[in-house]
Amino acid sequence: MRIGFRFRAIPFVATVLLVALGIVLGRWQDGRAAGKIALQQAITERAGAAPLVLGATLLAPAQVDLRPVTVSGTFVRAWPLFLNNRPLEGKAGFYLVMPLRIDGTDTHVLVARGWLPRYTGQFDRLPEFDTPSGTVTISGLARSGMGKVMQLGTATPVAPKAILQNLTPDEFAQASRLTVQPFFIEQSGPAPVGDKLVRNWPAPSLNVEKHQGYAFQWYALAVMALLFFVITGFRRGTKQTD
């Protein structure tokens, strides 16, 4: 039996296209993974930096995201907001978000004060919490956003005591007409004794492994397409020579 190879133009073109597609998309996912690894390194460096003291100057979210910050001010007690569908350890609950007026300024910053449990079967019943009066000093991690959950139907207007699925500082600024920093603070430290607030914030996830997995799949597609073309060509060629 003689071993031969049968070349066919159409399968060859299809193979070239699949191999090229797999390599291009694999390299793209590799690039995204590398970018997030670099971002993770930057985040680690920021986390070890001295806390940034916030003032009246509005800062870009990219400038402070995931950086320790500290601020002194007074909570605007009339504006509690509840971010819904934020489970913790299998329990349904809310993130309590409130604006803090920065001392000596007209600038505010949204503080995610912690997690509160939701009353079972009572969607509209708001959890109880305490708000300190007077000037307080808040420390925590600056976050460009508090995560996004699926929004079904029309979003609830931003208003005092509203239960919301999602919230951005810009939406709050438009609704409240307050000047606000374009990011949140995840407040750290223990809650006051007797308070139900829990500050067990989820760690930031950059999904580097996801992009690495996608890259492997695209490279595997390229290899499989090439092997299929070669093996099929030899099988057809061998049959012709018999």
Min side-chain heavy-atom separation [X]-[Y] under 4.5 Å:
X: Ile102; Y: His108; answer: no
X: Leu164; Y: Val158; answer: yes
X: Arg199; Y: Gln187; answer: yes
X: Lys161; Y: Leu126; answer: yes
X: Thr105; Y: Thr179; answer: no
X: Phe172; Y: Leu81; answer: yes
X: Leu83; Y: Met146; answer: yes
X: Trp201; Y: Tyr95; answer: yes

State which residues pass ring pair (Phe, Tyr, Trp, His ring centres under 6.0 Å) with Phe94; sequence neighbours excluded, sorted by chain then number.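 Partners of Phe94 by the ring pair (Phe, Tyr, Trp, His ring centres under 6.0 Å) criterion, ordered by chain and then number, come out as Phe82.
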Where do [X] and [Y] come nearest, in terms of heavy atoms and distance?
X: Val180; Y: Ala173; value: CG1-CB, 3.4 Å
X: Pro61; Y: Ser144; value: CB-CB, 4.0 Å
X: Val19; Y: Ala222; value: CG2-O, 3.5 Å

How far does [atom1] of [X] sit from [atom2] of [Y], to the nearest 0.5 angstrom?
X: Gln181; Y: Leu54; atom1: CD; atom2: CG; value: 6.0 Å
X: Ile163; Y: Asn85; atom1: CD1; atom2: CG; value: 10.5 Å
X: Phe183; Y: Leu59; atom1: CZ; atom2: CG; value: 5.0 Å
X: Arg118; Y: Leu116; atom1: CZ; atom2: CG; value: 12.5 Å
X: Met98; Y: Phe75; atom1: CE; atom2: CZ; value: 6.0 Å
X: Glu186; Y: Leu110; atom1: CD; atom2: CG; value: 13.0 Å

Between Arg86 and Leu96, is there a donor-acceptor pair closer than 3.5 Å when you use the side chain of the first and the backbone of the second?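 No: the side chain of Arg86 does not pair with the backbone of Leu96.
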Give a yes or no answer on whether the side chain of Tyr219 reaches the backbone of Leu25 with a donor-acceptor pair at less than 3.5 Å.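 Side chain of Tyr219 to backbone of Leu25, a donor-acceptor pair under 3.5 Å: no, none is there.
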According to a 4.5 Å side-chain heavy-atom criterion applied to Ile, Leu, Val, Met, Phe, Trp and Tyr, with indirect links allowed, do [X] and [Y] form part of one hydrophobic cluster?
X: Leu100; Y: Val69; answer: yes
X: Val198; Y: Tyr119; answer: no
X: Leu197; Y: Val109; answer: yes
X: Phe216; Y: Trp28; answer: no

Check the surroundings of atom NZ in Lys210: do more than 12 heavy atoms from other residues, nucleotides or ligands lie under 6.0 Å from it?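 Enclosed.
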Take atom CZ in Phe12; do more than 12 heavy atoms of anything else shown fall under 6.0 Å from it?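 Open.
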Considering residues at least two apart in sequence or located in another chain, which fulfil the side chain to side chain donor-acceptor pair (under 3.5 Å) criterion with Tyr214?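 In terms of side chain to side chain donor-acceptor pair (under 3.5 Å), with neighbours along the sequence ignored, Tyr214 is linked to no residue.
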Classify the side-chain pair Thr137/Ser72 by whether it contains a donor and acceptor separated by less than 3.5 Å.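 There is such a pair (donor and acceptor under 3.5 Å, judged by atom type) between the side chains of Thr137 and Ser72.
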Arg77 and Ser133: side chain donor to acceptor below 3.5 Å: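 No donor-acceptor contact under 3.5 Å links the two side chains.
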Do Arg143 and Phe184 meet the cation-pi criteria used here (NZ or CZ under 6.0 Å from the six-membered ring centre, within 45° of the axis)?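 No - Arg143 does not lie over the ring of Phe184 by the 6.0 Å and 45° rule.
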Going by side-chain contact (heavy atoms from CB on, under 4.5 Å), Asn166 matches just one of Val149, Thr156, Asn84. Which one?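 The passing option is Val149.
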Please name all residues satisfying salt bridge (charged side-chain N to carboxylate O under 4.0 Å, His left out) with Asp170, sequence neighbours left out, ordered by chain then number.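 None.
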